[in-house]
Each structure stands twice: as C-alpha cells, then as structure tokens.
Amino acid sequence: SKKKGLSFEEKRARMMEIFFETKDVFQLKDIEKIAPKEKGITSMSVKEILQSLVDDGMVDTDRIGTSNYFWAFPSKALHARKRKLEELESQFAESSQKKEALQKSIEKSKIGREDTAERAALMEELAALRQKKEQLKTEIDKYRECDPDVIEEMRQTNKVAKEAANRWTDNIFSIKSWAKRKFGFEESRIDKGFGIPEDLDYID
C-alpha cells in the first residue's frame, strides 16, 4: 500500500521540533537540508511551511546582511499560541452570544407572523455566524498542533516505542545465538524458518 504523506499541520509541528530540539538559528538552506532528512518533510514544501509559521508568529525571522535567519524558542511559541488561543476563544464566545441572541429574535419573530425579509436576513446572518464558528474551531485546533507540550509528548511516545522495538530485536538476536550454539543451526536457516529479515537491526 502507498505510504500516506504528512498533513500540513503535521509538517508544521515537525518543523517546530527542529527549532525546539536544537534551540539554534537557521537559514532557509539549512532547514531545507534538515527537514527532509530528520523530519520527513518534503524539500519542496519547506519554504511554504516555514512561511506559515512565520506568519502565525510561531517562528521569528530577521535579515542580516544578505541572508534571512529563522529561530523559535518553546517559551515564546507557547506564549504566542496562548495569546492566539485567547483571542480566538474570545471571538468564539462573542459569536456564540450573538448567535444565541439571533436565535431568540428568530423565535420571537415566528409568533403569529409570516416569514419576513427581516427574518430571512437574520437566518442568513445566523448561517454566516455558524460558518465563522466552525472556522474559529478549526483555527484553535491548528494552534494546538504546535503546542510544545503536545510535541514533547509525541517525542516521549516515539522514544518508548523505539526502546521497545530494540528490546525485541535484542531478544531475537539472543534466541538466534542460543539456537546456533545449542543445535548448530546456520543463521540463514534460522532466519528462513522463522521469517526473520536478513537485514534485521536495531533502530537508531
């Protein structure tokens, strides 16, 4: 089956890992080398992803001489994300209140009255507010993807999985070694009999 590529938000989160893990300053050409190799981000999308993070205030940039430099630190990113979340949640609450007021007006207008132009306008505004509400929810979820706590949790989960995989690999090597000593089996015969790949090795 064809391997599924990373989503836009997954690429953003992985690129933020580059800055958080190294706490270094990079030029675009540096990130274009690191991102595909270490984070699986295609080189063609690096510039677009980086610019989106700059636009959202997650990554800082400055021009020194003829070169642009980029950097981001977890503390600033967390504060920026919190400010953006607070702003979006405020807009969300305001939209919800307005929606509730409009719904009450619509219900009131129904009592003993036929459909009116005013009611149609209110319905149209309500539909627009519902759409805005969904957009705000999507925006809030987008910034949660760049939460340093979430990124750190992903790193720890990957670390545990890697260690578990290497323990099983170690166990397989131990059993193979024991079988060769005990029964004199050739390694290739053991691999073939138990379906063990010839290139089995530890995960770096």
Side-chain angles (χ1 to χ4, degrees), residues 4-28 30-32 34-35 38-42 44-64 67-108 118 121-161:
K4 184 181 178 182
L6 297 173
S7 69
F8 187 78
E9 290 306 321
E10 287 172 333
K11 291 177 182 178
R12 282 167 53 94
R14 291 196 181 192
M15 187 168 290
M16 290 304 296
E17 288 180 4
I18 295 174
F19 293 106
F20 291 164
E21 291 168 0
T22 62
K23 298 182 176 64
D24 206 347
V25 178
F26 301 95
Q27 290 181 260
L28 176 60
D30 300 323
I31 301 175
E32 286 176 333
I34 296 170
E38 297 186 10
K39 299 299 178 182
I41 303 171
T42 56
M44 291 177 60
S45 64
V46 167
K47 188 173 182 180
E48 178 188 3
I49 300 298
L50 182 59
Q51 187 60 50
S52 76
L53 294 171
V54 170
D55 292 342
D56 288 336
M58 302 297 293
V59 172
D60 289 316
T61 182
D62 199 5
R63 188 174 184 84
I64 302 174
S67 302
N68 289 321
Y69 292 84
F70 302 88
W71 68 92
F73 301 111
S75 58
K76 182 182 184 300
L78 180 59
H79 291 315
R81 184 188 62 82
K82 284 182 177 178
R83 284 196 302 271
K84 185 65 175 179
L85 281 174
E86 288 170 359
E87 178 186 337
L88 291 171
E89 286 168 351
S90 175
Q91 292 179 25
F92 183 82
E94 184 178 336
S95 295
S96 295
Q97 289 176 356
K98 193 169 183 181
K99 172 190 170 186
E100 186 177 348
L102 284 169
Q103 286 178 320
K104 288 180 180 179
S105 296
I106 291 170
E107 292 301 320
K108 186 177 179 180
E118 181 184 4
L122 287 170
M123 287 297 292
E124 185 176 343
E125 186 173 358
L126 177 60
L129 284 168
R130 282 175 174 164
Q131 184 177 2
K132 177 67 174 177
K133 175 183 175 182
E134 291 304 315
Q135 290 174 348
L136 289 169
K137 286 176 67 177
T138 301
E139 189 79 3
I140 289 173
D141 290 340
K142 181 179 77 172
Y143 280 89
R144 289 198 176 105
E145 289 289 337
C146 293
D147 190 330
D149 294 336
V150 174
I151 293 172
E152 180 60 26
E153 183 179 346
M154 289 170 58
R155 289 181 60 198
Q156 293 301 322
T157 300
N158 289 340
K159 181 180 178 183
V160 170

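Positions are given from 1, in the same order as the sequence printed here. Hydrogens, waters and symmetry mates play no part in the numbers below; they use all other heavy atoms, side chains included.
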Are any side-chain N or O atoms of [X] and backbone N or O atoms of [Y], one a donor and one an acceptor, separated by less than 3.5 Å?
{"X": "Asp30", "Y": "Gln27", "answer": "yes"}
{"X": "Gln91", "Y": "Leu88", "answer": "no"}
{"X": "Ser90", "Y": "Glu87", "answer": "no"}
{"X": "Ser67", "Y": "Ile64", "answer": "no"}

As an exercise, state the distance from [atom1] of [X] to [atom2] of [Y], rounded to the nearest 0.5 Å.
{"X": "Thr22", "Y": "Glu38", "atom1": "OG1", "atom2": "CD", "value": "9.0 Å"}
{"X": "Met58", "Y": "Leu50", "atom1": "CE", "atom2": "CG", "value": "12.5 Å"}
{"X": "Met16", "Y": "Arg12", "atom1": "CE", "atom2": "CZ", "value": "8.5 Å"}
{"X": "Phe8", "Y": "Ser45", "atom1": "CZ", "atom2": "OG", "value": "8.5 Å"}
{"X": "Lys47", "Y": "Ile31", "atom1": "NZ", "atom2": "CD1", "value": "12.0 Å"}
{"X": "Glu124", "Y": "Leu102", "atom1": "CD", "atom2": "CG", "value": "12.0 Å"}

With a 4.0 Å cut-off on N to O distance, would you call [X] and [Y] a salt bridge?
{"X": "Glu94", "Y": "Lys132", "value": "no"}
{"X": "Glu17", "Y": "Arg14", "value": "no"}
{"X": "Glu125", "Y": "Lys98", "value": "yes"}

Test item: Lys99 and Lys133 side chains (from C-beta on) under 4.5 Å apart, heavy atoms: yes
Going through the checks in order, is the side-chain contact (heavy atoms from CB on, under 4.5 Å) test met by Asp24 and Trp71? CA-CA 7 Å; Asp24 206 347; Trp71 68 92; over 6 Å; no
Given the rule in the side-chain contact (heavy atoms from CB on, under 4.5 Å) test, do Leu28 and Val46 qualify, once you have shown the distances and angles that lead to the verdict? CA-CA 8 Å; Leu28 176 60; Val46 167; 4.3 Å; yes
Walk me through whether Ile18 and Phe26 qualify under side-chain contact (heavy atoms from CB on, under 4.5 Å). CA-CA 10 Å; Ile18 295 174; Phe26 301 95; 4.1 Å; yes
On a heavy-atom basis, which atom in [X] and which in [Y] lie closest, and how many Å separate them?
{"X": "Phe70", "Y": "Phe19", "answer": "O-CE2, 3.6 Å"}
{"X": "Leu136", "Y": "Ser95", "answer": "CD1-OG, 4.2 Å"}
{"X": "Lys11", "Y": "Ile41", "answer": "O-CD1, 3.5 Å"}
{"X": "Lys137", "Y": "Phe92", "answer": "CG-CE1, 3.7 Å"}
{"X": "Gly40", "Y": "Leu6", "answer": "O-CD1, 3.4 Å"}

Greater than 12 external heavy atoms within 6.0 Å of Glu134's CD: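 Atom CD in Glu134 is crowded, with more than 12 foreign heavy atoms closer than 6.0 Å.
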Steps toward side-chain contact (heavy atoms from CB on, under 4.5 Å) verdict (Gln156, Val160): CA-CA 6 Å; Gln156 293 301 322; Val160 170; 5.6 Å; no
